[in-house]
Amino acid sequence: SPPPDADVIIIGGGTAGCVLAARLCAALPRVRVLLLERGAPRNATEELLVRSPRLVAGSWSTPSVAAAFPSAANAGLRGRPVALVTGATLGGSSAVNAAQWSEPADDGAGAAAWGVAHLTATVAARAYARAAATLGVRVPPRGLRHEYLTDWVAAAAAAGLPRVTDAGGGAPQSRRGVWLQRLAIDGRGRRVDAGRAYVAPAARGACARNLVVRQGVTVARVVLAPHHGRGGGRRGGLVGVVGVEVVPTASAGDGRPPRTTTLRARLGVITAAGPYGSAPLLLRSGIGRPQALRSAGVRPVVDLPVGEGLLARSVGRVVGAYDGVPLAAVNNATLLADPATLRRWRAGRGGPLGAALSVGLGRVTTGEGAYFPAGFASSVPGKPEYNSGCLANPTSRGRLSLPVGAAATDPLTPPRVETNLLGNRRDMATLLACMRKLQAVVEGFRPAFGMTETVPGADTRLTEELVRRTATSGAHLVGGCSVGRVLEATLRVKGVGNLWVVDASALPAMPRSAGPMASVYMLAEHASEAFIRQFRGQ
Ligand SMILES: Cc1cc2nc3c(=O)[nH]c(=O)nc-3n(C[C@H](O)[C@H](O)[C@H](O)COP(=O)(O)OP(=O)(O)OC[C@H]3O[C@@H](n4cnc5c(N)ncnc54)[C@H](O)[C@@H]3O)c2cc1C
């Protein structure tokens, strides 16, 4: 067979993929690492959207950096689909998200229960710290905080959500209350995504010779073959991966069958294609439930519950309008459009383009928990608006499968995602209780603010029915290839010798934090160490 194109192929240059690529190539100078990312290199406009915390929402409707597509109908939302968004550029979702670094309150104990080999609470805490240090996460320095931060903290306290803090400047997130958020930004108000923090320095320095990053290619499937052990002998019952098939991402929608190229890996393939990417990839490769695969036109190879057990967060919004104080700079349309604002931000002097969409974070309920980001930056610049949203930790599980019909095996068509938001009474109760608390926060602003609730509305009764008609997706999705169901403790796909999944889809539980990003970084840091031990000397 032709010589391998790399020793290790990593699919997806997102949050986890960038960590893995950078850590492996730096620690194993003889191992050739190939990182494959579907997003093409960014132009100057795309770079601005990705780097300015204030402008990032614009990236969600820019297909060259983010993929947006509808979910399947949600029974809990009266049959409504919700809009799903995920990163489609180097850095993945870490390049288009709200940049909130939120470590679970349990000091790694939650991660220790995931069933990942050697991932104890202590090991997890160290991996969180390593990632946080590499990204330089911080509470925004004073010049980058919102001018109404103190008012928001006071309004939350009036609503029974006191400010909580810990020595590290983060937050003990097990407690009810609000805290100053830590963000993946630099001290000048520019986002630091996984590509920038991990891959860029590695490619320039330690990995100049053994890391190749190919952008603009979508992996269609992994190529399976009988698996041979290290001594060349066939390992009982296992299949193995010899490489991947890729297509140019730019061929999407041109009506012709895309040109396929096979890239071969000597040691193995790690998929880090994210919560919407890894499960479809396995399914297109013949790893999944045989009956579903056959009906999608895929030959089944390994029988596993791929795509099952998803956990997706719903979000319920509570918005207020104010008229007693000046429009927040972060939402001042004139200021945002002023070329001087851009020059100021580019020179590293902050300003509204360096301020995050959210003012801070809070936790409302106990149990599974609901978290809330709140801010003064509405999607329509110029509006004096305060917006907040409850992110409820789900207990109802969804499912991800290949798209139905002719596009079933098309790697450029998004999967079918049954988010199953508010799929049971418990999730409904969590979200409703949280939204009621957020209404109290709106009411808690000092009178001089002139704050009035506009969504759901001061005169509208917040009912279950209203929530079912208005809740949307919180953009936090885990599971689908989770440890235990689909993956061994080593994160290797069960029954496949040299194929691993390391990304949000490997998480068997939604972390008890305000977002899964920190936990994905932590898992990738931890997995990197295991891969380094495994590949050293091979
Ligand atoms: C809008 C938004 C806001 C969010 N805000 C926060 C927040 O503030 N805090 C927080 O903790 N969490 C947040 N999250 C969630 C968090 O960003 C994700 O959970 C996390 O980044 C997922 O990391 P990942 O490595 O699993 O996937 P990703 O980072 O999404 O990476 C997957 C990568 O794989 C690539 N890819 C996919 N399929 C293929 C293929 N077939 N071939 C080649 N490449 C492929 C993608 O382009 C992408 O680069 C947010 C998410 C979104 C979308």
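Below, each value reflects all heavy atoms present in this structure, side chains not excepted, and no hydrogens, waters or symmetry copies. Start at 1 and go down the list; that is how both ligands and their atoms are numbered.
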Assign the ring pair F376 / Y386 to parallel, tilted or perpendicular, where the plane angle (0 to 90°) is split at 30° and 60°.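 The arrangement is tilted - the two ring planes meet at 30° to 60°.
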Near [X], which atoms of ligand 1 are under 4.0 Å from a heavy atom of that residue?
{"X": "G13", "result": "49 (O)"}
{"X": "L281", "result": "41 (N)"}
{"X": "G87", "result": "46 (C), 47 (O), 48 (C)"}
{"X": "A88", "result": "47 (O)"}
{"X": "V85", "result": "53 (C)"}
{"X": "A272", "result": "32 (C), 33 (C), 34 (O)"}
{"X": "V217", "result": "43 (C)"}

Closest approach of any protein heavy atom to [atom], naming residue and atom:
{"atom": "atom 19 (O) of ligand 1", "result": "P516 CG, 3.3 Å"}
{"atom": "atom 27 (O) of ligand 1", "result": "G274 CA, 3.3 Å"}
{"atom": "atom 8 (O) of ligand 1", "result": "Q100 N, 3.0 Å"}
{"atom": "atom 15 (C) of ligand 1", "result": "H476 CD2, 3.7 Å"}
{"atom": "atom 18 (C) of ligand 1", "result": "S93 CB, 4.2 Å"}
{"atom": "atom 37 (C) of ligand 1", "result": "A273 O, 3.2 Å"}
{"atom": "atom 51 (C) of ligand 1", "result": "A475 O, 3.4 Å"}
{"atom": "atom 4 (C) of ligand 1", "result": "N97 CB, 3.0 Å"}

Among L211, I9, V212, D7, side chain to side chain contact (heavy atoms under 4.5 Å, CB included) partner for V33: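 Of the listed options, the one satisfying the test is L211.
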Would you mind telling me which of L477, L310, L400 makes a side chain to side chain contact (heavy atoms under 4.5 Å, CB included) with T419?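 The option that passes is L477.
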Short N or O distance, [X] and ligand 1, threshold 3.5 Å exclusive:
{"X": "T15", "result": "yes"}
{"X": "W60", "result": "no"}
{"X": "G515", "result": "yes"}
{"X": "D503", "result": "no"}
{"X": "M517", "result": "yes"}
{"X": "V219", "result": "yes"}
{"X": "A16", "result": "yes"}
{"X": "A504", "result": "yes"}
{"X": "T218", "result": "no"}
{"X": "E37", "result": "yes"}

Of the choices A98, S358, A66, which has the non-hydrogen atom that lies closest to atom 5 (N) of ligand 1?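 Ranked by closest heavy atom to atom 5 (N) of ligand 1, first place is A98.
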Establish, yes or no, whether a centroid distance under 6.0 Å links the rings of F69 and Y276.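 They qualify: ring centres under 6.0 Å apart.
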Centroid-centroid under 6.0 Å between F531 and W500 rings: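 Yes, the ring of F531 comes within the 6.0 Å limit of the ring of W500, centre to centre.
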Side-chain heavy atoms of [X] within contact of [Y], under 4.5 Å:
{"X": "M517", "Y": "S93", "answer": "no"}
{"X": "L422", "Y": "S396", "answer": "no"}
{"X": "E37", "Y": "R214", "answer": "no"}
{"X": "Y128", "Y": "S519", "answer": "yes"}

Has [X] got any heavy atom lying under 4.0 angstrom from an atom of ligand 1?
{"X": "G17", "answer": "no"}
{"X": "G39", "answer": "no"}
{"X": "P275", "answer": "yes"}

Salt bridge between [X] and [Y], side-chain N to carboxylate O under 4.0 Å?
{"X": "R182", "Y": "E103", "answer": "yes"}
{"X": "R23", "Y": "E525", "answer": "yes"}
{"X": "E488", "Y": "K494", "answer": "no"}
{"X": "E418", "Y": "R399", "answer": "yes"}
{"X": "E46", "Y": "R51", "answer": "no"}

Ligand 1 versus [X], non-hydrogen atoms closer than 4.0 Å: side chain, backbone, both, neither?
{"X": "S513", "result": "neither"}
{"X": "T89", "result": "backbone"}
{"X": "S505", "result": "neither"}

Tell me the closest heavy-atom pair linking [X] and [Y], and the distance in Å.
{"X": "A27", "Y": "I532", "answer": "CB-CD1, 3.4 Å"}
{"X": "E385", "Y": "S378", "answer": "OE2-CB, 2.9 Å"}
{"X": "V330", "Y": "A356", "answer": "CG2-O, 4.0 Å"}

Calculate, to the nearest 0.5 Å, the distance between atoms CZ and CG belonging to R190 and L144 respectively.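 Those atoms lie 10.5 Å apart.
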